[in-house]
Structures are given as C-alpha cells and as structure tokens.
Amino acid sequence: MMRAENARSIVDGNAAAGLLADVFGDDVTALIGVCGGCSASAPLAEATVELDETAAIVRCRSCTHTLLTVLRTPVGIRLVLGTLRELERR
C-alpha cells in the first residue's frame, strides 16, 4: 500500500483522470465490486438495485448492504459510497 510519505510527487486531482477513466470506462456495470460488509465479489450488473425517479440504491446481492447510491439532484448527479470496498476492472 502506498503511503503519503513515500509519494514521488503530490499534485491535484486532475492527475488521476487517466486512471479513473481506465477504471470506469464505458460500461460501469462490468466492474467487479467487493462488498465491505460480506466480502462478496461480483460485477455491478449482478447487484440488486432499488430504483425510483430520483435515486438508485445499489445493494450487495449476498448480504443486501448498500454498496452505493446514485442520486439525481437539481444540479447534477451525486454518487454516495456505502459499503463498496473496491472496484476492479478485469
């Protein structure tokens, strides 16, 4: 694990843009999510989603913990992380 004291340089968040694009890509549902509640690992497409006109609550299929919530607000989209421990692109 990288520690701040071992960093070669410290820059602003724009430096992570390429890495984040590599992770999120075109199909977010293909990303493998790891639940922090039960450690289950599965593509986000296999999660259970509670959906209405303003939000999508994405839950772990194994233990039903909330992995993340996507909210539509008057100013845009808001992502609230829950027990989602990791996202991996394979």
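Remember, it's a predicted structure, so these values are computed and weren't measured experimentally. Side chains included, hydrogens not; waters and symmetry mates left out as well; all remaining heavy atoms used. Residue numbers start at 1 and run along the sequence shown.
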Chemist: Backbone N or O of G36 within a donor-acceptor pair of the R85 side chain at under 3.5 Å?
Modeler: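 Checked: no pair found.
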Chemist: Decide if atom CZ of R89 counts as having more than 12 heavy atoms of other residues, nucleotides or ligands within a radius under 6.0 Å.
Modeler: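 More than 12 heavy atoms, drawn from other residues, nucleotides or ligands, come within 6.0 Å of this atom.
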Chemist: Do S62 and C35 have side chains that get closer than 4.5 Å, going by heavy atoms?
Modeler: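 No, too far: nothing below the 4.5 Å cut-off.
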Chemist: For the backbone of E46 and the side chain of R61, can you confirm whether one donor and one acceptor N or O come within less than 3.5 Å of each other?
Modeler: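 Indeed, once roles are kept as given, a pair shorter than 3.5 Å links the two residues.
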Chemist: I need the L67 CG to L87 CG distance, nearest 0.5 Å.
Modeler: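 Output value for this atom pair is 9.0 Å.
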Chemist: Under the 3.5 angstrom rule, does the side chain of T83 hit a backbone N or O of T66 as a donor-acceptor pair?
Modeler: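 The answer is yes, because a donor-acceptor pair under 3.5 Å joins these two groups.
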Chemist: If every non-hydrogen atom of D52 is compared with every non-hydrogen atom of R72, which pair is closest and at what distance?
Modeler: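 Looking at all heavy atoms of both residues, the shortest contact is O-NH1, 4.2 Å.
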Chemist: Nearest 0.5 Å, what's the CD-CG distance between E86 and L31?
Modeler: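 Output value for this atom pair is 12.5 Å.
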Chemist: I'd like to check T64 versus T48 (side-chain heavy atoms, cut-off strictly below 4.5 Å). Are they in contact?
Modeler: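 SC-SC contact between T64 and T48 ruled out.
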Chemist: Once you round to the nearest 0.5 Å, how far does CG of L68 lie from CZ of R59?
Modeler: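 One finds 11.0 Å between CG of L68 and CZ of R59.
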Chemist: Could you check whether atom CG of D12 has more than 12 heavy atoms from other residues, nucleotides or ligands sitting under 6.0 Å from it?
Modeler: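 Enclosed: over 12 neighbouring heavy atoms sit under 6.0 Å from CG of D12.
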Chemist: Heavy atoms only: give me the nearest S39-V34 pair and the separation to one decimal.
Modeler: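 Scanning both residues completely, I find the closest heavy atoms to be O-CG1, 4.1 Å.
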Chemist: Do I77 and I57 belong to the same hydrophobic cluster, where Ile, Leu, Val, Met, Phe, Trp and Tyr are linked whenever their side-chain heavy atoms lie under 4.5 Å apart, directly or via other members?
Modeler: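 Per the 4.5 Å side-chain linkage, I77 and I57 are not co-clustered.
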Chemist: Quick one: does R78's side chain get under 4.5 Å of V70's, heavy atoms only?
Modeler: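 No; the side chains remain at least 4.5 Å from each other.
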Chemist: Given the rule that I, L, V, M, F, W and Y join up when any side-chain heavy atoms are under 4.5 Å apart, are L71 and L81 in one cluster?
Modeler: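 Unlinked, L71 and L81 end up in two clusters.
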Chemist: Any chain of hydrophobic side-chain contacts (each under 4.5 Å) joining V11 to L19?
Modeler: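 Shared cluster, no.
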Chemist: Over all heavy atoms of both residues, which pair between A40 and C60 is shortest? Give the atoms and the distance, please.
Modeler: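 Closest approach of A40 to C60: CB-SG, 4.2 Å.
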Chemist: How far apart are the closest heavy atoms of S41 and I32, and which atoms are they?
Modeler: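 So the two residues come closest at OG-CG2, 3.2 Å.
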Chemist: I'd like to know if V28 and V80 are part of one continuous hydrophobic network [Ile/Leu/Val/Met/Phe/Trp/Tyr, side-chain heavy atoms within less than 4.5 Å].
Modeler: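 Cluster IDs for V80 and V28 differ.
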